[in-house]
Amino acid sequence: MGEAGAKGSGARIGVYPGTFDPITLGHLDIIRRGAKLVDKLIIGVTTNPSKNPMFTPEERMAMVSREVAAQGIENVSVMGFNALLMKFAEKQGASVIVRGLRAVADFEYEYQMAGMNQQLNDGIETVFLMADVSLQPIASKLVKEIAMFGGDIHRFVTQQVRDEVVERVERQGRLGDY
């Protein structure tokens, strides 16, 4: 079903935004569960230069697309965006923003963002999904940091993402001494 068909059909469309640099098992958990709540889930891969990305937006979109396809989730598409989240969500015809929560620290920030987003468009609801207990400590920033110092990240990402991160670290140069 094309974008226009989804918007005009009354389908419930959700947006799960993030930098996904790299996509983790925690992200995949939220994608799997979020996809069950909507007819179509759009993974919005955003540019956020302040997060010092390891991968380009195009590389991250390809990585997310590949990992979602490997999960066999049919109602998910991946799009890049570099705009205000609510404007992106409106353009996609979304009625739901999906956000993952790992810990109480996430909640404060996400709660504030949800309130601001509601002020911008109260017709789009924010839905929070708690990360699976075993996946709660995983954060892309920490995965990159562990890899940059030569640590093993296999418990946090898929094998192919691990290989890509390790290859990128080798190309950029590891940090620290033993």
Side-chain angles (χ1 to χ4, degrees), residues 1-3 6 13-82 85 88 92 94 96-103 106 110 127-178:
M1 181 183 314
E3 300 299 319
I13 299 170
V15 170
Y16 178 32
T19 52
F20 305 100
D21 184 50
I23 187 168
T24 67
L25 296 178
H27 291 131
L28 289 170
D29 176 54
I30 298 299
I31 292 167
R32 261 192 311 274
R33 292 169 45 224
K36 294 177 187 175
L37 302 176
V38 294
D39 299 307
K40 179 177 183 182
L41 182 64
I42 299 167
I43 310 302
V45 179
T46 185
T47 57
N48 190 343
S50 69
K51 286 194 172 185
N52 194 21
M54 178 176 277
F55 297 96
T56 68
E58 296 75 23
E59 288 171 327
R60 287 183 276 130
M61 286 184 2
M63 186 183 290
V64 172
S65 295
R66 181 195 69 232
E67 296 300 322
V68 168
Q71 299 292 314
I73 308 167
E74 306 258 334
N75 64 329
V76 174
S77 63
V78 179
M79 297 180 72
F81 78 101
N82 185 17
L85 171 59
F88 176 72
Q92 303 314 311
V96 176
I97 302 293
V98 174
R99 298 296 294 158
L101 295 176
R102 293 176 304 231
D106 283 352
E110 293 292 347
V127 175
F128 297 112
L129 296 176
M130 297 299 298
D132 181 276
V133 174
S134 66
L135 304 173
Q136 284 180 3
I138 302 174
S140 292
K141 179 181 176 183
L142 297 177
V143 168
K144 288 188 293 191
E145 193 171 303
I146 291 166
M148 293 294 287
F149 283 96
D152 186 3
I153 60 171
H154 83 275
R155 287 174 286 185
F156 313 124
V157 295
T158 65
Q159 181 65 43
Q160 193 160 359
V161 171
R162 179 199 157 296
D163 293 346
E164 289 171 316
V165 170
V166 167
E167 186 275 330
R168 184 63 47 100
V169 167
E170 293 300 325
R171 194 168 359 136
Q172 292 176 347
R174 265 195 213 160
L175 301 175
D177 279 340
Y178 293 94

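This chain uses plain numbering: 1 for the first residue, then up along the sequence.
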| field | Listed partners of E167 passing side-chain hydrogen bond (donor to acceptor under 3.5 Å, both in side chains), at least two apart | value | R171

If you take all heavy atoms of [X] and [Y], which pair is closest and at what distance?
| X | Y | answer |
| --- | --- | --- |
| V169 | A147 | CG1-O, 3.5 Å |
| I23 | V161 | O-CG1, 3.7 Å |
| P17 | V15 | CD-O, 3.4 Å |
| Y16 | V98 | CD1-O, 3.1 Å |
| P53 | K144 | CA-NZ, 4.2 Å |
| P22 | M63 | CB-SD, 3.9 Å |

Gap separating the [atom1] atom of [X] from the [atom2] atom of [Y], nearest 0.5 angstrom:
| X | Y | atom1 | atom2 | value |
| --- | --- | --- | --- | --- |
| N82 | T46 | CG | OG1 | 6.0 Å |
| E164 | Q160 | CD | CD | 5.5 Å |
| L142 | I153 | CG | CD1 | 11.5 Å |
| L41 | N75 | CG | CG | 7.0 Å |
| D21 | K141 | CG | NZ | 12.5 Å |
| Q172 | E170 | CD | CD | 10.5 Å |

| field | Heavy-atom side-chain proximity of I31 to Q71 below 4.5 angstrom | value |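 The answer is no, as the side chains (C-beta and beyond) never meet within the 4.5 Å cut-off.
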
| request: Taking the side chain as every heavy atom from C-beta outward, state whether R162 and V165 have any atom pair closer than 4.5 Å. | output: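 Contact flag for R162/V165 side chains = no.
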
Check whether any side-chain N or O of [X] sits under 3.5 Å from a backbone N or O of [Y] as a donor-acceptor pair, and report yes or no.
| X | Y | result |
| --- | --- | --- |
| R33 | A131 | no |
| R60 | T47 | no |
| S77 | I42 | no |

| request: With side chain to side chain contact (heavy atoms under 4.5 Å, CB included) as the test, would you mind laying out the steps for L37 and V96 before giving the verdict? | output: CA-CA 9 Å; L37 302 176; V96 176; over 6 Å; no

| said: Assess the residue pair I138 and H27 against the criterion (side chain to side chain contact (heavy atoms under 4.5 Å, CB included)); give the C-alpha distance rounded to whole Å, side-chain angles, the decisive distance to 0.1 Å, and a yes or no. | reply: CA-CA 9 Å; I138 302 174; H27 291 131; over 6 Å; no

| request: Quick one: which residue pairs count as a side-chain hydrogen bond (donor to acceptor under 3.5 Å, both in side chains) with a foot in residues 147-159, not counting sequence neighbours? | output: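 Applying side-chain hydrogen bond (donor to acceptor under 3.5 Å, both in side chains) to every pair that reaches into residues 147-159, excluding sequence neighbours, yields E67-T158, D152-H154, Q159-D163.
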
| message | Among residues at least two apart in sequence or on other chains, which ones pass side chain to side chain contact (heavy atoms under 4.5 Å, CB included) with S134? | response |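 Partners of S134 by the side chain to side chain contact (heavy atoms under 4.5 Å, CB included) criterion, ordered by chain and then number, come out as D132.
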
| request: Output, in order, the C-alpha distance, side-chain angles, deciding distance and verdict of side chain to side chain contact (heavy atoms under 4.5 Å, CB included) for V143 and V157. | output: CA-CA 8 Å; V143 168; V157 295; 4.1 Å; yes

| request: Evaluate the side chain to side chain contact (heavy atoms under 4.5 Å, CB included) criterion for residues R168 and F55: first the C-alpha distance (whole Å), next the side-chain angles of each, then the deciding distance (0.1 Å), finally the verdict. | output: CA-CA 8 Å; R168 184 63 47 100; F55 297 96; 3.6 Å; yes

